[in-house]
Every structure is written in C-alpha cells, then in structure tokens.
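Input: a single structure, listed below in structure tokens.
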Number of protein chains: 4
Amino acid sequence: MQAPAGRPRRRRVEEKERRIIAAARAEFRRHGFDKARIAEIARRVGVAEGTVYLYFANKNALLLAVAAEIYDGLTREAAAGVEEIADTRGRLAFLARLHFRRLLREWRLLVMAMTPYKMADDYGSTEGYRLNRAYVRVFDLVIRDGVNRGEIRADLPLGVMRDMFYGGLEYAVRTHRLRPAGSDPDPMLDHFLGAFAAGIMARPAAAGAAREAEPVTRRLEEVAARLEAMLR
Amino acid sequence: MQAPAGRPRRRRVEEKERRIIAAARAEFRRHGFDKARIAEIARRVGVAEGTVYLYFANKNALLLAVAAEIYDGLTREAAAGVEEIADTRGRLAFLARLHFRRLLREWRLLVMAMTPYKMADDYGSTEGYRLNRAYVRVFDLVIRDGVNRGEIRADLPLGVMRDMFYGGLEYAVRTHRLRPAGSDPDPMLDHFLGAFAAGIMARPAAAGAAREAEPVTRRLEEVAARLEAMLR
Amino acid sequence: MQAPAGRPRRRRVEEKERRIIAAARAEFRRHGFDKARIAEIARRVGVAEGTVYLYFANKNALLLAVAAEIYDGLTREAAAGVEEIADTRGRLAFLARLHFRRLLREWRLLVMAMTPYKMADDYGSTEGYRLNRAYVRVFDLVIRDGVNRGEIRADLPLGVMRDMFYGGLEYAVRTHRLRPAGSDPDPMLDHFLGAFAAGIMARPAAAGAAREAEPVTRRLEEVAARLEAMLR
Amino acid sequence: MQAPAGRPRRRRVEEKERRIIAAARAEFRRHGFDKARIAEIARRVGVAEGTVYLYFANKNALLLAVAAEIYDGLTREAAAGVEEIADTRGRLAFLARLHFRRLLREWRLLVMAMTPYKMADDYGSTEGYRLNRAYVRVFDLVIRDGVNRGEIRADLPLGVMRDMFYGGLEYAVRTHRLRPAGSDPDPMLDHFLGAFAAGIMARPAAAGAAREAEPVTRRLEEVAARLEAMLR
DNA sequence: CATGAATGAGTATTCATTCAT
DNA sequence: GATGAATGAATACTCATTCAT
C-alpha cells in the first residue's frame, strides 16, 4: 500500500519549483531584473545555484515564470469576477479596478513582466505575449458579450477598445503614483469608466439625449451652487 | 583690444554639444541604452571619450538630452499644428496622429527614454517628467479650450482624458507593431479618435435622439453662460 | 539449482561497457574532450548519468578507454599486417601507411588522446604510455628483425628511429591536413619512406662506391664481433 | 628642446606590453592555458585586470603574443646561428640542438604555443601558423642551400624533410623527458642527425663508402677502449 | 578645453561528480 | 546495478567614469 515513490518526489519537485518562483518574485520586485542575483534566490530557497538551473534555463526564463504566475492569478481573478457580474458596465468596472489595483500594488514587477523585456522586436512570438493574450481574453469576452447584447457599439474594433482600456489604466496608475500616498483612486476610476463607457457604449435613443444634457445641467448646478454661496 | 571671444567659442561649444547629442541619438536608437557605447559616440563625433563628459555628466544625462531634444521637437510640432486647426476634434486628431507616428517610428528610443521613469519611484521629480509635462501641456490646452467652447465634457478630470489618450495611443502603437510591416494605421486611428471623442465630447453630433435634445441643451447652455458672466 | 548467473550477467555488463565506450568515442570525436558531455553519452546509451560512473571512474578514464580501444585496434592491425609481409622495407611501408591513415582519419580523437600526456610531467607512468608502448612494440620488432637480418643499421638506437618514424608521420599528417581535402598522400609517404629507409637501412642498395667498401666493412665487423665475444 | 611627450609615453606603453607578456608567459608556463588566470597576470604586472584588455583582446591573444615572442627569439637565434656555420650538416646539427634544447627546457609552454590550440581545423589560417612558418623558413633555407650545393638530395620534397626533422625532434624530446633527469641528450642527437643526414644527404661516391665504414670503426674503437680498460 | 590610458566592480552559467533511494 | 536530482566551484570580460597631463 506504499504509494509509488514517484509521487512524493514529484510533489517535492513541484514544491521546489514554486519556492524558486516565489523567491525570484521577491528578488525581482526588490531589485529589478538586472540587479536581481540568482545566488540570492538560491540562497533563499536553500538550494545550490546550479539547482535553479535545473528548473529554469536562465534568468529570463525565471522572470517569465514569475510573470506567468502573476498573469495566471490575474486572469483567474478576472474571469471569476466577470462571471459573477451580469451587466457589461459592471464587468468593465470590475476589470478596471482589478487591473488598477494590481498594477498599483506591484508596479515594478508588473511593468517588468508586461513590458516586453528590453523592447524585443519579436514580442509577438514571445511567451510573454501569449500570457498577455490569455489575460486580455477575459476583457475581449466581456466586450463581445456586450456587443451581442447591443450594449456596446459594434462598429469599433476590439483592439482599439482594449488598447484604450489597458493603456489608459496603465497611465492612470502612473499618474496616481504621483499623487500623495493613500489618495483614493476611486473617483478617478469612476471618471475613467464613465469616459470609456461613453466612448464605446451604444446609445439607446432616450438615454442618449438625457446624457447629452448632462454636462449642461451639471454646469447649471455649479452655477447655482456658486450663486447660493454668494447669497449665504 | 581682444575681440570678445565668448560668442564664437560659445557657438563652437554648442555646436559640439549638438553633435554629441546627435551621435548619441543614433547610437541609442541602434543599440538601446545598455549596449550603446560612449566610446562609439565619441568616435563618431571625433572627440575623445573624456570630452563627452565635459558636456554631459554621465550616460543617463546623455539619454536625457536626447529625450529632451525629441520632446522639444514633438512639443513644437504639436503646438504649431494645433494652432492651425480650429476645432477641437480636428486638433485631437492631429495630436493623436503626430504622437502615434513619432512613437511608431522611434519606438525603441522613446520607450527607452520613458521606461526608466515608468519604474522609478521618484518619477514626479524627474527631468523626464518635466519634459513630458511640457509636451502634454499642448494637449491640456486643447482640452481646456474645448471645455470652454462647450465641446468637451466639463465633468471629466483632465488627467483622466490625458491618460486615456496617451495611454491608449501607446498601446495602440504596441499593437500596431505586431501587425505586418506597412499596415495602414489610419483606420485604427480613426476608430480610436471616434471612441475617445465619444467618451469625452459633450456632443458628438451624431445620435438621432441627441440631436433632438440639442435645442434644449443649447438654450440651457446659453443660460448658464449668461449666469456665469454675471458671476465673474 | 540456481543457474550460474555470472556469465550472462557479466556478458551484459561488458556489453554495456562497450556501448558506453562507443558512445564516448562518438561524442569525443564530435565535440572534443572539454565540450563532450557525459550526460549526452549516457543519453545515447540509454542509461542514467550516474551509471556511466559505475563503469568508469571519471571523464579521463573514459577517454583512456576510448584511446585504449583505438590503440588496441591499431596494434592488432599493425601486428597482423607485419606478419604477412616478409621484407623490412615493406613492413615499414605498411606501418607508415596504417599510422598515417588512422591519424588522418581520427586526428582529433587521437591527438586528444595523446596530448594530455604530451604535456604531463609523469607521462612515463601513465596508462596512455603503456598503450603507446604496446603499439610501437610492433615497430620495434620489425626494426630488431631488420637489424638481425642485416638490413638495418645496428648502430642506431631504436628510440631514435622510432621517434623519427612516428614524429615524422605525425607532422606529416599535420602538414597533409593543411592541403586541400582529398589530396593524395601516397607520393609524400613514398618520399617519407625513402628518406627514412635511406637514413636507417644498412645498405640502401644504391651507391656504387658504397658497394665496393662492403667487403672491408664486413671483415671489420667480423673482427669487432669476435673481440666483443672475447670480452663478454 | 623638450622631447615630444608622445615618445616617453609610447615607450612606457611598449614597456607595459612587454611586462604583461612576460607575466603571461610565466603564468602560462606554470598553470597551462586553461588554469592561467588573467587576474594573476594583472596582479603581477601591477595593473588592473581591465588594463590587460587594453593591450590584448582576450586570453587567446595573450597566448598568441607569448608564442610570438618565443618564436621570434627562436627564429632569430636559428637564423643567426646558421649564418655563422658554413656546411649544411653543421647547420642542421645546430638547428636540431637549438630546437631540442628549447623544447626540452620549455616543453609545456612550447607545446602549448606550437600545438594549434584546441586542435583548430583552421590552423592554416592562424597567426600561430604564420609564426611557425617564419621559424621553419630558416630550416628551409638551409635545405635549399644544401640542395644547390649538391649536398642534399634534390628529389625529396622539402616538407617531408621538415616534418621528419621537427617531428622527430619533438618525439625525441618527449622520449628524453622519460629518461632520468640530467641525462645527456647529445649522443642521441648525434644519432638522430646521423640518421637524418643519411636519409636526405646526397652520397658522393667516395665519402659514401667512408661513411658506411664509420659505424664499424666506431664499434672497433669502443672495443679497443674496453680492452684498454681491462689492461689498466 | 581636450585627451585617452587606466580603472575595477560585478555575476550568470556549466557540468563532472556524488549519493540517497 | 541503476537512478537522476542536487551540487558548487570557478572566472573572463565590459565599459562608464576618472584624472593626470
């Protein structure tokens, strides 16, 4: 009834791989790719340097594994969250917030993982590219679903929306990082989503007219507020 | 009786500085930052390596000077172009195309010039940041002007629009680079502008219902303007 | 009633040893000693790396086994060929051609097998040395036989002839390798043998004057032999 | 009257190059190529490691420089010695002794320098090959001169003689190294030269006969010496 | 202003060999 | 006998930057 020896050993191997990735993740986060030292990663895991190379061909492969782990997590969270939300707008809000938060919290690591390292010209054929595709597929599905439901404009190429969404979010994180620590990003995200939705959502006739009037009424309210202030 | 040597000497110095920057730009473009060699830059200019250090404190300063040159050009082109266009939408189209083209053509150099700052924790206090601010100020003016004209929603923070615009464009370039060489980016840019405008414009003169609402909102707008004038 | 397992098992073991040597030979030939990888040898044989070390103490021992195999083959061929040839000159011609061809064909492997010993200070106590001795013994026997028959000068130390023969041949191969591929080495080998024979043969039945001197020297030789016999 | 600054600096540079080569020579001799450490060479010269690379592109270039120095010395000595000797046989004896002694004294370094390093297949296009050619050219001239004087057989290709000469000598050194330290190599060298000369020298009728008798008379003299010893 | 020789820190990677199973 | 995961030593080379002239 002894379990075949292969199993536990195999499990130990997978366990070790995970620990190496975890250590690498910490090291990359702390020091960036170039200054991360394989020796330090090995030391943390408690193995010899050579052992790292039994699991990963080289430093780049290690970064890729870290990136894959991050992307996997992101993709899973994104997919799970989307499944629990019914309306397109809500789904986009969820994806935006998820992406924004993760990017903000692990800026250095994620930029490193997402920016094709060293601006490779062959990014398209990269493993990193495939990881990215898998992640944004969740976004794509949300959009396609929204188009089918008539909520999203059918005339816009998906790629344009995607670039505007994720590009805008990345820049938004960058901007947010310039603000004092602890600033609440939610109002900004609301605006972002508002603009993005306005850009891509189909306009049901009535709602459209109402929305067009929105800024004007808002300005009127501002004027009113000022008048009130004067009278007080 | 000594002729004022300062001028011509100064001119010679500036001339040499320009030549160093030009050589650096070529070298950075060809090899990227890390593999660019100061020695090669000096050789091209025809000076000793040490001489480069009389003009620039270090390699980073050299990259910064190159970036500054690029940004200056961009900023000038952007400002000049905007001045010749009357309507906001046309201005944005111009800025988008300009940015897209430059980024596409000098992707490596521009990403290089921007990436270190992306990851830096003190980006806000960076010279690179200041260069960037000067450049996007053109965009900001276009937007503010558009808001004043009532063409652009007044409720959206400028920063959100800016991030969506430039973030979206950067990602669009990245996407475009994955397509076969020579692909025409214009249709995509049109869609991008369409979506962006729809997101931020107060009245993309489009939807039928919206059009009917027009007289009403216009009258409201006029009322608001008069009230504002009174308050000022 | 247990069948004597030793035999077949032993046979299997020897079989595996042979296969390892064969794989090592191929690997060494292809990549040279330093770049030959034990792992690749094991893979080819279809055993684990550790298994190789059950048969050979280390990489050097493996090279030695390969060298031994080569030397054994050479030695056997040399001995067999010499046995079938009657005259000394013909025997030397055979040995020269055999050595030349083998060295030419397996230059890299054979130089590799010999070079470490070239430089080692303890070459004399080396296994490689013993292998070499066994091989050149065939040459030695030919020479001794030739001396006994009066065909070869008795005054020359055997070692001198041996060094000239094999040293000359090794350099001849080296020279031949510089010539265009496919060049015919035979004319060169004929000249080599001619010069070598002229150098060591007692009477290259050639020069006229030498023939006249023959009776005199023969008589002197006889006197010397008699005196020597007395002294012994 | 100040000497141009270029000179002494240039002289210092050449001086440093010499010192690096000398240190490398010592290091290579002691440890062989692979185990020689650039760091140690730099330390001995008293410069930084990087400085070594200002003078030599890499470790191989350094070995080549050492080899060149050795070859230059050998070539010069060989040429000078030959010039002072009139007869071909004497010249060959000189060259043989010179080569033998140098090879014996600096066996490791010279084998390293002479053996095309790592058995390169493109030895023919190697700088090492050119150095070697320059050296053996002295031998070639001696031979050609001997042929012109009628002392050396005109029917033998020069390459054959060269290979036999230097190949034989290399093997002779190897053999000699197996003998007890301090053994006198001269008798062996005499025999070597005797055999070599017999192999390549043209035989003037008379001299030929005398020469044939030589070994016999030598043996007679040995016998006489032993008889004398008995009578003493 | 200009030179250019000298500096020296800093690390990924390989692979023969071992030994617990 | 066989396995194969783990070990760990060992080092050439680059190039931005400096500073004596």
Side-chain angles (χ1 to χ4, degrees), chain A residues 5-6 8-10 12-13 16 34-43 45-62, chain B residues 9-10 12-13 16 33-43 45-62, chain C residues 9-10 12-13 16 33-43 45-62, chain D residues 5-6 8-10 12-13 16 34-43 45-62:
Chain A
R9 187 183 292 171
R10 176 79 192 148
R12 229 180 306 142
V13 160
K16 192 166 287 183
D34 284 329
K35 296 205 169 177
R37 287 175 304 128
I38 297 287
E40 175 62 14
I41 293 169
R43 202 191 56 72
V45 180
V47 297
E49 287 179 60
T51 305
V52 174
Y53 287 87
L54 287 182
Y55 292 81
F56 302 96
N58 50 40
K59 207 181 179 184
N60 271 300
L62 201 42
Chain B
R9 188 185 292 170
R10 176 153 194 88
R12 238 179 297 139
V13 162
K16 192 169 285 184
F33 185 80
D34 284 332
K35 294 199 172 177
R37 287 175 303 123
I38 298 285
E40 174 62 15
I41 294 169
R43 201 191 57 71
V45 179
V47 297
E49 292 168 61
T51 305
V52 173
Y53 285 84
L54 293 177
Y55 292 82
F56 301 94
N58 52 37
K59 205 182 182 183
N60 269 302
L62 203 40
Chain C
R9 186 183 294 167
R10 177 154 192 88
R12 237 179 299 138
V13 163
K16 192 169 285 184
F33 185 79
D34 284 333
K35 294 198 172 177
R37 287 176 302 123
I38 296 286
E40 175 61 16
I41 293 169
R43 201 190 58 73
V45 179
V47 298
E49 292 169 62
T51 305
V52 173
Y53 285 84
L54 294 177
Y55 292 82
F56 301 94
N58 53 38
K59 205 182 182 183
N60 268 302
L62 202 42
Chain D
R9 186 183 292 170
R10 176 80 193 150
R12 229 181 305 143
V13 160
K16 193 167 284 184
D34 285 328
K35 298 204 168 176
R37 287 176 304 128
I38 298 285
E40 175 63 16
I41 293 169
R43 204 191 55 72
V45 179
V47 297
E49 287 180 59
T51 304
V52 174
Y53 288 87
L54 287 181
Y55 291 83
F56 302 96
N58 51 39
K59 208 180 179 185
N60 271 301
L62 201 42

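Checking E:dT21 for Watson-Crick or G-U wobble geometry (two distances, each under 3.5 Å) identifies F:dA2 as its partner. Nucleotide F:dG8 has E:dC15 as its partner under the Watson-Crick or G-U criteria, with both atom distances under 3.5 Å. With both pairing distances under 3.5 Å, E:dA9 is matched to F:dT14 as a Watson-Crick or G-U wobble pair.
Counting to the nearest Å, the C1' atom of F:dA16 and the CG atom of B:Asp34 are 12 Å from each other. The distance between atom CD1 of A:Ile41 and atom P of E:dT13, rounded to the nearest whole Å, is 11 Å. Nucleotide E:dT17 holds its C1' atom 13 Å from the CG atom of C:Leu62, rounded to whole Å. In this structure, A:Glu40 atom CD and E:dA12 atom P are separated by 11 Å, rounded to whole Å. At whole-Å resolution of the value, CZ in C:Phe56 and P in F:dA2 are 13 Å apart. We find that CG of D:Asn58 is positioned 14 Å from C1' of F:dT11, with the value rounded to whole Å.
Residue D:Lys35 places none of its side-chain N or O atoms closer than 4.0 Å to OP1 or OP2 of F:dT11. Taking 4.0 angstrom as the limit, D:Tyr55 places none of its side-chain polar atoms (N or O) nearer than this to OP1 or OP2 of E:dA5.
At the heavy-atom level, D:Ala57 lies nowhere under 4.0 Å from the strands shown. In this structure, C:Ala61 reaches neither bases nor backbone, as no heavy-atom distance under 4.0 Å exists between it and the strands shown. Contact annotation for B:Ala42: no contact, since no heavy-atom pair falls under 4.0 Å across all strands.
Nearest to the side chain of B:Arg37, among F:dA16, E:dA6, E:dT13, sits F:dA16. With distances taken from any side-chain atom of D:Ala48 to the nucleotides E:dA2, E:dG8, E:dT17, the minimum falls on E:dG8. Residue B:Lys16 has its side chain nearest to E:dA2 when only E:dA2, F:dA12, F:dC13 are considered. Each of F:dC13, E:dA16, F:dT3 was ranked by its minimum atom distance to the side chain of C:Thr51; first place goes to F:dT3.
Each of D:Tyr53 and C:Leu54 has a nearest nucleotide on DNA chain F; the 5'-most of these lies closest to C:Leu54. The 5' end of DNA chain F is approached more closely, in terms of each residue's nearest nucleotide, by A:Val47 than by the other of D:Ala39 and A:Val47. Summary of the strand contacts: C:Lys59 and B:Gly50 both lie near DNA chain E, and taking for each the nucleotide with the nearest heavy atom, the more 5' one is attributed to B:Gly50.
D:Leu62 has its side chain out of reach of D:Tyr55: every pair of non-hydrogen atoms, C-beta onward, lies at least 4.5 Å apart.
Formation of a donor-acceptor pair under 3.5 Å by the C:Lys16 side chain with backbone atoms of C:Val45 is not found in this model.
Residue C:Glu49 places no side-chain atom within donor-acceptor reach of the base of E:dC15, judged by atom type and a 3.5 Å distance cut-off alone.
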Worksheet entry | side chain to side chain contact (heavy atoms under 4.5 Å, CB included) between D:Asp34 and C:Asp34, intermediate numbers included | CA-CA 11 Å; D:Asp34 285 328; C:Asp34 284 333; 4.1 Å; yes
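Note that OG1 of C:Thr51 is 13.0 Å distant from CD1 of C:Ile41, once rounded to the nearest 0.5 Å. Going from atom CZ of C:Phe33 over to atom NZ of C:Lys59 covers 5.0 Å, rounded to the nearest 0.5 Å.
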